[in-house]
*Asks:* 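Let me begin by handing over the structure; questions about it come next.
Throughout, a chain's letter reflects where its sequence line sits, starting with A, and its residues are numbered from 1.
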Number of protein chains: 2
Amino acid sequence: MSTTPPSTPPDPSPPPRRRATITDVAREAGTGKTSISRYLNGEMSVLSPELRARIEAAIARLDYQPNQMARGLKRGRNRLIGMLLADLTNPYSVEVLQGVEAACHALGLMPLICHAANEVEMERRYLQLLTTYRVEGVIVNAIGVREETLRPVGGGGIPAVLVDRRVEGLAADMVGLDNGAAAELGTRHLLEQGFEHIWFVVQPFEQVSSRQLRVAAFDRAMRDAGRARGHTLVLDLADMDTLARGLAELDRAIDSSSGAGARLAGAMSRIALFAANAPVALRLALHLKARYGANWQTRVALLSIDDPDWAELAGITTIRQPTYDIGYRAVEFLHERIEGVHTRARDCLLPGELIVRASTAR
Amino acid sequence: MSTTPPSTPPDPSPPPRRRATITDVAREAGTGKTSISRYLNGEMSVLSPELRARIEAAIARLDYQPNQMARGLKRGRNRLIGMLLADLTNPYSVEVLQGVEAACHALGLMPLICHAANEVEMERRYLQLLTTYRVEGVIVNAIGVREETLRPVGGGGIPAVLVDRRVEGLAADMVGLDNGAAAELGTRHLLEQGFEHIWFVVQPFEQVSSRQLRVAAFDRAMRDAGRARGHTLVLDLADMDTLARGLAELDRAIDSSSGAGARLAGAMSRIALFAANAPVALRLALHLKARYGANWQTRVALLSIDDPDWAELAGITTIRQPTYDIGYRAVEFLHERIEGVHTRARDCLLPGELIVRASTAR
DNA sequence: CTGTTAGCGCGTTCAG
DNA sequence: CTGAACGCGCTAACAG
């Protein structure tokens, strides 16, 4: 690192005068604070054109900008909502976020984005922080929060909307992918393509409702197709040891179904991996590439829920989630709650879209 | 979409009592607000153990949480800083963000993350919004803001530190990659690997200082190596028309250097593409794959500044930016400014790291 | 050690 | 149409 002084003068910052307040503007315009406040709140009809002009001028001259904090304090609402994300590293989150932002924009809300980076402790802290800042509502893409943690929030406290995952015991609105339909769609596709061996690969799913649903739907679809049941492999991406063990198990399966032995026996058949989400798919792809080389796809087919940008490049089949809509819808739900809608908790399940690529095409 | 009512009772939300205030706590503890305030601010030594215990109990009973807005209003500082990101879709941004979050965490700051989604208008609005919320400082990864827009911010107003890109005419701290060294590093590597034809591919760079520096360093390195000068291709990823034209130009170059003609003439040589950042690299890779098939890398080598997660999978060589450190450092700079440090604007240039992969190895 | 008092910047009655 | 006065939740002197 190098710290170079640029060629600018020693900071010609004008007298760091404090920001103008509503009182300053009133004085400058030769009127009272009330009129300024009215102007700010668009109650134009109650102001003489002449006064209005003076106010406008004063505001411009002083470069006045109302203090949202003070306004919030006074009115009891600050137009702030919390957006708690489990993992921004996952493209899913970023895409959902875009929907959230668009909706906030349209509804005059300001999202406070909190990134828990997959740490439960972080999540808890952020939730508390948001409460502390008196956000009017929260959108939660939970990691490990339990009902108690969210109680002051979803319960009698501030409204909450869940994204992608449900929190046990908490009756809150939730919006996400129709996991059952999506997993079934993927499984059906693989079966139709004639794959004999299908492995569903997923992160530990005890705590995450969406993962549970995907696993269950996969199993059901396999059974419905007459297969005993699909293989399910649990991969904990955060734990190198168990991760390595899981991948080793997978390797054995691949070797025995497409390895030299199987080939000689005429039982050669490409194995298919169904990744429960993009992070899993990436991990699998990286591993397979490292083990079987650049042509790993000739031995293994890969299908994933989520459609990260590298999927097209790698040519893997995916089920794209309606991420933008999920985010947008979540904000709409939340907004309704904030505005006082008091029906019981609702669910909004959106369908995924199958995008077939070379990986699973015949 | 289906909206199913879950099987929970019609919302057993307890009387939505309003949150307890400091006054409530004082009453509950049978004391004055001041003592509560002192307790909250950790001035324990000034409180009798007995009173302290009563306060603790009252707080717990009421589930009291101090209102940050009110605190901020009173003290004149709210521990909020703005983080304005040009494009969260770019992994670079997310990684920088992680450093920012860690630093904020350590310094007791709360980042308000704003995502401009590559739109100048959004950027302007967010900047204004942040001002309005009286953030104590801003970290800006600018798109198109000009000095005037940032004036109320970097100028006499709230402190600002720039990330990755400089804003013309604004004397503010800035932290980012040492673009000159990075581009030179990449170019040198390609030359050492014996590539004859090297194209530097970059988005429109007139407005973005980091891109300018990369282009310039590339040219310089090529000249120093005795080549006349490198080819530079400008690709506007947002404009499909010019994008198509640019890619077509590239295709011609590739065909003539590695196509049938060149092969017959014995002049066969693999062309190398040097992408100025990950979004460009992805676009190139997608195009090349579409045009030349899965084995496109046998015809073209690709090197990119930025090291997105798919780089390993695709096997392309990269120059990894110290993104986490960039974010962390930016917050540290900003924190110093907030605390009143008043030296002239500083620069912090961090080095990139070359990661050689199959794409450019011989 | 502890309580009282006065605002922070703004919105909102309520009389002019 | 306009301004004075009060209070949102909290902190900071200033007394006790």
Side-chain angles (χ1 to χ4, degrees), chain A residues 17-56 58-59 62-80 129 131-136 157-158, chain B residues 17-56 58-59 62-80 129 131-136 157-158:
Chain A
R17 60 183 188 285
R18 65 181 222 328
R19 291 214 74 91
T21 78
I22 200 174
T23 312
D24 298 329
V25 179
R27 194 183 327 108
E28 179 82 12
T31 178
K33 305 193 300 181
T34 314
S35 300
I36 312 297
S37 176
R38 292 206 176 106
Y39 175 86
L40 294 176
N41 293 312
E43 302 172 33
M44 295 311 182
S45 55
V46 208
L47 295 174
S48 67
E50 194 270 335
L51 178 55
R52 184 172 153 183
R54 264 160 49 212
I55 295 181
E56 233 147 46
I59 288 184
L62 266 39
D63 186 30
Y64 168 71
Q65 299 191 235
N67 184 328
Q68 288 297 347
M69 296 301 175
R71 302 184 116 184
L73 186 58
K74 185 65 199 169
R75 321 201 235 219
R77 45 187 325 196
N78 48 204
R79 315 273 58 196
L80 254 31
L129 203 58
T131 303
T132 259
Y133 276 103
R134 296 295 187 272
V135 294
E136 298 183 36
I158 61 182
Chain B
R17 58 181 188 287
R18 63 179 225 330
R19 292 216 73 94
T21 77
I22 200 175
T23 312
D24 298 330
V25 180
R27 195 182 329 105
E28 179 82 11
T31 177
K33 305 195 298 182
T34 312
S35 300
I36 313 296
S37 176
R38 292 207 175 107
Y39 176 87
L40 295 177
N41 293 310
E43 302 172 33
M44 296 310 183
S45 56
V46 207
L47 294 175
S48 67
E50 194 270 333
L51 177 57
R52 183 172 152 183
R54 264 159 50 212
I55 294 181
E56 232 147 46
I59 288 184
L62 267 38
D63 187 29
Y64 168 70
Q65 298 191 237
N67 183 329
Q68 288 295 349
M69 297 301 177
R71 299 183 120 183
L73 185 58
K74 182 64 196 170
R75 309 203 245 220
R77 46 186 326 198
N78 51 23
R79 316 271 60 196
L80 255 30
L129 204 56
T131 303
T132 259
Y133 277 102
R134 296 294 186 273
V135 294
E136 298 183 36
I158 62 183

*Asks:* Shortest non-hydrogen contact from A:Ala26 to A:Gly32?
*Replies:*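 Scanning both residues, the minimum pair turns out to be CB-C, 3.7 Å.
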
*Asks:* Is there any side chain to side chain donor-acceptor pair (under 3.5 Å) pair reaching into residues 44-55 of chain B, and which pairs are they, with sequence neighbours excluded?
*Replies:*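 Sorted pair list: B:Glu50-B:Arg54.
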
*Asks:* Would you name the heavy atoms of A:Glu28 and A:Ala58 that are closest together and state the gap between them?
*Replies:*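 Distance-wise, the nearest heavy atoms are CG-CB, 3.6 Å.
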
*Asks:* For B:Asn78, is there any backbone N or O sitting under 3.5 Å from a side-chain donor or acceptor partner on B:Glu136?
*Replies:*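 Yes; judged by distance alone, with no hydrogens or angles, the pair exists.
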
*Asks:* Do A:Arg19 side-chain atoms and A:Asp63 backbone N/O form a donor-acceptor pair below 3.5 Å?
*Replies:*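 Yes; judged by distance alone, with no hydrogens or angles, the pair exists.
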
*Asks:* Please give me the minimum heavy-atom distance between B:Ile22 and B:Ser37, naming the atom from each residue.
*Replies:*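 Heavy atoms only, the tightest pair is CD1-N, 3.9 Å.
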
*Asks:* Identify the two heavy atoms, one from B:Tyr133 and one from A:Leu80, that lie closest to each other, and give their separation to 0.1 Å.
*Replies:*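 Between these two residues, the closest heavy atoms are OH-CD1, 3.0 Å.
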
*Asks:* Please name all residues satisfying side chain to side chain donor-acceptor pair (under 3.5 Å) with B:Glu56, sequence neighbours left out, ordered by chain then number.
*Replies:*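 Testing B:Glu56 for side chain to side chain donor-acceptor pair (under 3.5 Å), a comparison that skips the adjacent residues, returns B:Tyr39.
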
*Asks:* Hey, where on DNA chain D does chain A first and last touch, going 5' to 3'? Cut-off is any atom under 4.0 Å from a heavy atom.
*Replies:*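 Going 5' to 3' along DNA chain D, contacts run D:dC1 to D:dG9.
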
*Asks:* For the helix from C:dC1-D:dG16 to C:dG16-D:dC1, what is the angle between the axes at its two ends, each from 5 pairs, rounded to 10°?
*Replies:*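 Comparing the axis at each end, I get an angle of 40°.
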
*Asks:* For residues 67-77 of chain A, dump all side-chain donor-acceptor pairs below 3.5 Å to protein atoms at least two apart in sequence or in another chain.
*Replies:*
unit_1  : atom_1 : unit_2   : atom_2 : d
A:Asn67 : OD1    : A:Met69  : N      : 2.8
A:Asn67 : OD1    : A:Ala70  : N      : 3.2
A:Arg71 : NH2    : A:Asn41  : OD1    : 3.3
A:Arg77 : NH2    : A:Glu339 : OE2    : 3.3

*Asks:* If a protein heavy atom is under 4.0 Å from the base, mark B; if only from the sugar-phosphate, S; if neither, -; do that for nucleotides 5-12 of chain C going 5' to 3'.
*Replies:* --BBBBBB

*Asks:* If every non-hydrogen atom of A:Ser35 is compared with every non-hydrogen atom of A:Leu51, which pair is closest and at what distance?
*Replies:*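 Smallest heavy-atom distance, with atoms named: OG-CD2, 3.8 Å.
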
